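Notes follow once the structure below has been shown.
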Amino acid sequence: MSKSSDFFEQVYQVVRLIPKGRVTSYGAIASYLGTKGSSRLVGYAMNAAHGVLPPVPAQRVVNRNGLLTGKHHFGHPGRMQELLEAEGVLVKDDQVADFKNRFWDPAVALAL
DNA sequence: AAGGTGACAGTTT
DNA sequence: TAAACTGCCACCT
């Protein structure tokens, strides 16, 4: 019953709602959860997202610059970019192409 | 129990 | 203009 109290679980829920082919930022998720200053916790949560079921598409979460900061945490660098490209998200120089257009804001998409 | 960690973000120099 | 520092807070040892 106290599972929902886990901050990580909250993050996972939002990340799993990210549509395929879209990406969001750590700060956007943190802000949506009401913990704007805890953007680092979102990244930290992703660190523990490995092996979590249902799977958490952490590759769709990048920093506010659209940079694949956590690519080194996918077991092997390049795996994150590969996953994104497989979903239609072009990545150039470890950065999401047309990031602003690909950005998916939970505060807007999940509004109401 | 207390301290250190970190896949960010915003501000200042 | 770019680079560096600080704040932030839940999880881990």
Side-chain angles (χ1 to χ4, degrees):
Chain A
M1 302 295 280
S2 33
K3 254 196 192 162
S4 302
S5 303
D6 293 339
F7 183 82
F8 281 29
E9 192 68 22
Q10 302 259 17
V11 175
Y12 299 153
Q13 292 290 347
V14 177
V15 175
R16 285 191 285 243
L17 290 173
I18 302 173
K20 180 181 166 198
R22 297 288 183 185
V23 293
T24 189
S25 64
Y26 304 95
I29 296 171
S31 180
Y32 176 72
L33 295 177
T35 55
K36 181 182 172 187
S38 304
S39 50
R40 301 167 110 184
L41 284 310
V42 178
Y44 202 89
M46 305 268 81
N47 191 13
H50 291 283
V52 177
L53 284 319
V56 179
Q59 69 275 12
R60 296 175 189 162
V61 185
V62 296
N63 70 352
R64 102 111 170 130
N65 292 320
L67 191 70
L68 281 58
T69 49
K71 70 175 187 176
H72 284 277
H73 291 258
F74 279 75
H76 181 276
R79 184 70 176 280
M80 185 175 184
Q81 179 174 338
E82 216 172 87
L83 290 169
L84 286 171
E85 289 181 337
E87 296 185 349
V89 180
L90 298 181
V91 180
K92 186 70 174 181
D93 189 29
D94 296 334
Q95 185 177 316
V96 176
D98 195 10
F99 173 65
K100 186 177 180 182
N101 196 6
R102 289 288 189 180
F103 187 77
W104 178 83
D105 189 347
V108 176
L110 304 180
L112 352 180

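All chains are named by letter (A, B, ...) in the order of the sequence lines, taking the proteins before the strands, and each is independently numbered beginning at 1. On a predicted model such as this, the values are computed, not experimentally measured, just so you know.
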Sugar-phosphate atoms are those with a prime plus P, OP1 and OP2; base atoms are the rest. Using that split, label each nucleotide of nucleotides 7-13 of chain B B, S or - for protein heavy atoms under 4.0 Å, 5' to 3'.
BBSS---
Is any side-chain heavy atom of A:L68 less than 4.5 Å from a side-chain heavy atom of A:V96?
yes
Side chains of A:M80 and A:V62: does their closest heavy-atom pair fall under 4.5 Å?
yes
Sub-4.0 Å heavy-atom contacts from residues 87-106 of chain A onto DNA chain B, ordered by number:
none
Which heavy atom of [X] sits nearest a heavy atom of [Y], and at what distance?
X	Y	answer
A:T24	A:W104	OG1-O, 2.9 Å
A:I18	A:R60	O-NH1, 2.7 Å
A:L67	A:D94	CD1-O, 3.0 Å

If I take atom [atom1] in residue [X] and atom [atom2] in nucleotide [N], what distance separates them, rounded to the nearest angstrom?
X	N	atom1	atom2	value
A:F8	C:dC9	CZ	C1'	10 Å
A:L41	C:dC8	CG	P	13 Å
A:H72	B:dG6	NE2	P	15 Å

Hydrophobic cluster membership, A:V61 vs A:F74, 4.5 Å side-chain cutoff:
no
Listing, residues 30-58 of chain A side-chain donor-acceptor contacts under 3.5 Å, not counting sequence neighbours, or none:
{"unit_1": "A:T35", "atom_1": "OG1", "unit_2": "A:A30", "atom_2": "O", "d": "3.3"}
{"unit_1": "A:H50", "atom_1": "NE2", "unit_2": "A:H73", "atom_2": "O", "d": "2.8"}

Using only atom types and a distance under 3.5 Å, with no angle test, would you say the side chain of A:R64 pairs donor to acceptor with the backbone of A:Y26?
no
